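Since the structure comes first, as structure tokens, the remarks are kept for the end.
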Amino acid sequence: MTISKQKPTVDVFEQLESEVRSYSRSFPTVFEKAQGYKLWDTSNESYIDFFSGAGALNYGHNNAAMQQKMIEYIQSNGLLHSLDMGTIPRAEFLQEFNDVILKPRDMDYKVMFPGPTGTNSVESALKIARKVTGREKVVTFTNAFHGMTIGALSVTGNAFKRGGAGIPLNHSIAMPYDEYIEGQDSLAFLEKSLEDGGSGIEIPAAVILETVQGEGGINAASFEWLQKVEALCRRFDILLIVDDVQAGCGRTGTFFSFEPAGIKPDVICLSKSISGSGLPMAITLIKPEYDKWGPGEHNGTFRGNNLAFITATEALTYWKNSKFSQSIQEKSKMIKQQLTNFTTVYPELEAEVRGRGLMLGLACGKKEMANKIAEVAFTKGLVIETSGPDDEVLKLLPPLIIDEEGITQGLDIIEESIKEVLAKEEA
Ligand code: PMP
């Protein structure tokens, strides 16, 4: 006799899990399966994914080729855990990443494996910048998000997250990000401060930035602004760190988000979708002249996730020609067009469209609107989150492999949700 096992309900998270949980609150169900751009819960309700694991699932859920390679590796008793010992998957990833990503872009970088999270990559970037320059301060920008550990938090803007540290967050200088104050040259103050020995601002070790701020509200810096930041860094011998944890791995349409700006960062942080499968993995790319680590100076137990290396190598097949990149731009255009329509058809939202590639946002001037839309959208079968200091931006991050049907279905749900929320507001 087989005893059928009852499927869990959301109660277990409420009863047993810490108050720190967040996404199980925004999406109150128990998910069971996922494939491509769809998820299913235990009641077999299906959902379109406009969230992609906060950018960790750019290639969708459960890619068949990745699955197959993992299964073969496990069945051959391949090492799963190996710190940073030499393994075949590690070697193959390094070789393929060099051949498919770095070399064709004429990028000469050493690949470092920090702990397998974005925040760990950021910590390693901050450390190496301080080590090679002998300076302490790091310039960060308003609404930046770089992670939850103390170093990464110290260069993060969000007051609620910073407050979690419980200690002063030092050694950083916050400057205005691109269009922070409309119509003002946001770099003029930084430039003058660096020139002026009386400014009270020390020459920093590094400047850290996101080319499109994900958590901060889908703020996309102009290429001109990025170029100016780079020029300032060169002029004062400051290291430029690009945190491409969320905007990288194709999210904005090119493998690295900064490619169309033509800048060459000294250090690059990648995580989230670098493994291609959602498995934890991070890398920090360092220009060879700054690779001044001693062996094990920034180490960690989980720098050898071989399954992640296997899927990461497989993910690189998307980048062997320009087709994938083009398809992202086409999808981006389609979504942007419809979001722009929403801003005119629903002026009550007081909304504007933000972002690049498939990192897009509908920033609502009207308070609480974005959160309400996301909440209703979930009940209609769309997984979508908000971002920005007041959660004022509906954040569209569909998997890059999504097709036209999925995009249309997702956008239709957003429109229905807007209508429902506006109708309730009027009532
Ligand atoms: N940097 C950026 C730009 C991010 O968006 C995030 C995660 N949202 C992080 C760093 C931190 O990554 P993780 O959550 O993997 O530590």
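Both ligands and their constituent atoms are indexed starting at 1 by order of listing. Residue numbers run from 1 in the order of the sequence given. Bear in mind that the values here come from a model prediction, so they are computed numbers and not experimental data.
Among all protein heavy atoms, the one lying closest to atom 1 (N) of ligand 1 is Asp243 OD2, 2.6 Å. At the shortest separation from atom 8 (N) of ligand 1 among protein heavy atoms lies Lys272 NZ, 3.0 Å. Counting protein heavy atoms only, atom 5 (O) of ligand 1 is closest to Gln246 NE2, 2.7 Å. Ranking the protein heavy atoms by distance from atom 10 (C) of ligand 1 puts His146 O, 3.2 Å first. Protein heavy atom at the shortest distance from atom 11 (C) of ligand 1 is Thr119 N, 3.6 Å.
Between the side chain of Thr311 and the backbone N or O of Ser275 there is at least one donor-acceptor pair closer than 3.5 Å.
You'll find the ring centres of Trp319 and Phe97 outside the 6.0 Å limit. In this structure, Phe223 has its ring center at least 6.0 angstrom away from the ring center of Phe258.
When non-hydrogen atoms are compared, ligand 1 lies under 4.0 Å from the side chain of Val245 (C-beta onward) but not from its backbone.
Under the 4.0 Å distance rule, the nearest protein heavy atom to atom 13 (P) of ligand 1 falls inside the cut-off.
The distance from ligand 1 to the heavy atoms of Glu210 drops below 4.0 Å at these ligand atoms: 3 (C). Heavy-atom proximity to Gly118, at under 4.0 Å, picks out these atoms of ligand 1: 11 (C), 12 (O), 13 (P), 15 (O), 16 (O). Numbered from 1 in the order shown, with element, the atoms of ligand 1 that lie under 4.0 Å from a heavy atom of Thr117 read 15 (O), 16 (O). Close contacts of ligand 1 with Phe145, meaning ligand atoms under 4.0 Å from a residue heavy atom, involve 1 (N), 2 (C), 3 (C), 4 (C), 6 (C), 7 (C), 8 (N), 9 (C).
With respect to the salt-bridge test (charged N to carboxylate O, under 4.0 angstrom), the residues Lys367 and Glu350 do not qualify.
For the ring pair (Phe, Tyr, Trp, His ring centres under 6.0 Å) with Tyr47, the lone residue among Phe31, Phe27, Tyr37 that qualifies is Phe31.
Note: Tyr318 and Phe324 have tilted aromatic rings, judged against thresholds of 30 and 60 degrees for the angle between ring planes. Under the 30°/60° scheme for interplanar angles, the aromatic rings of His298 and Trp293 are found to be tilted.
The cationic group of Arg25 does not satisfy the cation-pi geometry with Phe13, failing either the under 6.0 Å distance to the six-membered ring centre or the 45° limit from the ring axis.
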